[in-house]
There are 2 protein chains.
Amino acid sequence: MPRTARLNERTIAEAALVVVDTEGIGALTMRRLAEQLSTSPMALYHHLPDKEAVLEAVAQLLLAEVEAPPPGLGWQETLRRIMRSARAVALRHPHAASLIARFPPRTPDALAFVEAGFRSFRAAGFSPSSTATAYRILVGYSLGTQDVELGGYFATHPATRSPNGSLDQPSTDRILPTVAEIGPLLAAGDPDQEFEHGLDIVLTGIEAILPRE
Amino acid sequence: MPRTARLNERTIAEAALVVVDTEGIGALTMRRLAEQLSTSPMALYHHLPDKEAVLEAVAQLLLAEVEAPPPGLGWQETLRRIMRSARAVALRHPHAASLIARFPPRTPDALAFVEAGFRSFRAAGFSPSSTATAYRILVGYSLGTQDVELGGYFATHPATRSPNGSLDQPSTDRILPTVAEIGPLLAAGDPDQEFEHGLDIVLTGIEAILPRE
DNA sequence: ACCTGAACACCGTTCAAGT
DNA sequence: ACCTGAACACCGTTCAAGT
């Protein structure tokens with residue numbers, strides 16, 4: 001007898017998110033998920049076709065957490081808020097964030113912030129085509145930043161470690177002096193500030209290049 | 001008896017890349033990889049600690065394929081070439097490209113393009129800190145674009161499909177009109193041109209915002 | 001309609017053994 | 001030092017059966 005009155009896609013996705021948040025994405029198996037819901041693994045297959053669909057449902061849950069700013073704020077402020085909110089969701093769910101890069105928003109709730117962003121671009125006079133290009137770039141910056149920040153991309157950068165001084169292989173410092181100089185700085189800065197700084201640059205580029213109608 | 005004279009990390013990584021390129025990342029198992037090398041699964045563990053190390057080695061192989069431009073080109077042209085080369089590698093190995101987002105460059109060969117990029121920023125007068133910020137943004141744009149282009153992020157965008165007109169659930173077009181307007185454009189453009197356009201915007205933002213020494 | 005237990009065809013990896 | 005075969009503790013998913 002399941003603990004919840006009835007199993008459905010939403011309750012399954014919520015349970016999956018709990019498992020991923022607390023035990024990591026690797027711990028999410030159909031058996032573990034069934035256990036979390038006090039049911040049998042096979043019960044899940046009556047509500048979702050396969051594990052891929054579970055992951056997709058979790059992604060929609062996360063995307064629905066991204067806040068859509070109120071109308072009338074101006075495109076830069078609107079997009080700044082959306083980007084910050086998306087990053088906040090990823091930081092709240094570090095083990096689940098990789099799913100956001102794998103599944104685009106599909107449900108109406110998950111598309112709410114997309115609608116808000118598109119509207120602010122259109123209201124500011126950007127053409128539909130410019131709006132699409134700007135969205136592409138911002139999605140790219142958002143997903144790329146997540147990879148970098150949560151994947152520990154720079155934390156494990158070789159130049160941030162002490163050089164390997166073995167004799168049969170020349171030290172990295174000697175072949176790659178600029179990597180040795182810049183590498184330590186990559187992991188050094190305040191992540192919030194770095195994110196804002198990069199966002200400034202991207203928004204400035206959009207303002208400078210994209211034509212209005 | 002192994003087909004190659006001797007097993008080592010490089011030959012294992014090369015065989016793994018062949019399997020991933022031809023059969024997809026899901027087909028890469030230790031058993032399948034051993035088969036490809038005409039050896040037993042357990043032989044691999046004498047050269048690499050686990051499967052994660054195999055994936056990491058494949059990533060280094062891919063990153064080493066990114067071409068380092070010759071010196072003296074100016075920072076914008078240098079970075080343009082690096083970004084194009086990274087994208088070309090990803091498009092040549094679409095099934096393996098996700099590994100680039102998971103593992104940073106570590107070996108000297110894989111770091112060659114990073115060194116070239118850092119040098120061109122420094123030669124143009126960007127401070128070490130500005131260089132690190134610019135690298136962060138460009139890595140973000142590169143990885144994000146890969147997610148978007150190869151993950152079919154926009155190809156499966158709901159707004160790019162015909163609307164669901166069922167009666168018990170209002171059509172997406174009515175709740176999300178701007179998603180309906182812009183969505184189809186996201187998958188429509190020429191990917192090469194879109195990439196270049198986004199790159200223009202990012203480089204323009206870097207030029208406009210980042211301080212020189 | 002919804003749930004179940006047993007089974008199938010896989011995994012990555014450990015172990016004890018071979019040369 | 002390098003490789004092997006058998007085994008362990010898992011997977012996702014199919015199937016036949018239950019209510």
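As the structure is a prediction and not an experimental result, all values here were calculated from the model. So you know, we letter chains A, B, ... as the sequences are listed, proteins then strands, and number each from 1.
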Report the secondary structure of DNA chain D in dot-bracket form, marking unpaired bases with a dot and bases paired to a different strand with |, and treating Watson-Crick or G-U pairs with both distances under 3.5 Å as paired. ||.|||||...|||||.||
Side-chain donor-acceptor pairs under 3.5 Å in residues 54-62 of chain A, sequence neighbours left out?
from: E56(A); atom 1: OE1; to: R106(A); atom 2: NE; distance (Å): 3.1
from: E56(A); atom 1: OE1; to: R106(A); atom 2: NH2; distance (Å): 3.4
from: E56(A); atom 1: OE2; to: Q60(A); atom 2: NE2; distance (Å): 2.9
from: E56(A); atom 1: OE2; to: R106(A); atom 2: NE; distance (Å): 3.0
from: Q60(A); atom 1: OE1; to: R106(A); atom 2: N; distance (Å): 2.8
from: Q60(A); atom 1: OE1; to: T107(A); atom 2: N; distance (Å): 3.3
from: Q60(A); atom 1: NE2; to: P104(A); atom 2: O; distance (Å): 3.0

Taking side chain to side chain contact (heavy atoms under 4.5 Å, CB included) as the test, write out the residues that go with S142(B), two or more places apart. M83(B), A86(B), Q146(B)
Under the side chain to side chain contact (heavy atoms under 4.5 Å, CB included) rule, collect the residues that match up with T133(B), sequence neighbours excluded.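 Scan of T133(B) (side chain to side chain contact (heavy atoms under 4.5 Å, CB included), adjacent residues dropped) gives E194(A), H197(A), I201(A), I137(B), L210(B).
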Between [atom2] on [N] and [atom1] on [X], what's the gap in Å once rounded to a whole number?
X: N8(B); N: dC3(D); atom1: CG; atom2: C1'; result: 15 Å
X: E35(A); N: dT4(C); atom1: CD; atom2: C1'; result: 16 Å
X: L48(A); N: dC3(C); atom1: CG; atom2: C1'; result: 15 Å
X: L33(B); N: dC11(C); atom1: CG; atom2: P; result: 12 Å

Mind checking what makes side-chain hydrogen bond (donor to acceptor under 3.5 Å, both in side chains) contact with [X], not counting sequence neighbours?
X: E149(B); answer: R87(B)
X: E67(A); answer: none
X: H95(A); answer: none

Among residues 12-21 of chain B, which contact DNA chain C at a heavy-atom distance under 4.0 Å? none
Distance check: side-chain N/O of H47(A) vs OP1/OP2 of dC3(C), anything under 4.0 Å?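 Yes, because at least one side-chain N or O of H47(A) sits under 4.0 Å from OP1 or OP2 of dC3(C).
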For D109(B), all residues meeting salt bridge (charged side-chain N to carboxylate O under 4.0 Å, His left out), sequence neighbours excluded: none
Taking salt bridge (charged side-chain N to carboxylate O under 4.0 Å, His left out) as the test, write out the residues that go with E9(B), two or more places apart. none
For every nucleotide of nucleotides 12-18 of chain D, 5' to 3': is a protein heavy atom under 4.0 Å from its base (B), only from its sugar-phosphate (S), or from neither (-)? BBBB---
Charged N-O contact under 4.0 Å between E115(A) and R119(A):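 A salt bridge links E115(A) with R119(A).
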Among all residues two or more places apart in sequence or in another chain, which pass the ring pair (Phe, Tyr, Trp, His ring centres under 6.0 Å) test with Y141(B)?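 Once residues adjacent in sequence are excluded, the partners of Y141(B) under the ring pair (Phe, Tyr, Trp, His ring centres under 6.0 Å) criterion are F195(B).
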If you compare all heavy atoms of L185(A) against all heavy atoms of S129(B), which two are closest, and at what distance to 0.1 Å?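 Looking at all heavy atoms of both residues, the shortest contact is CD1-N, 3.8 Å.
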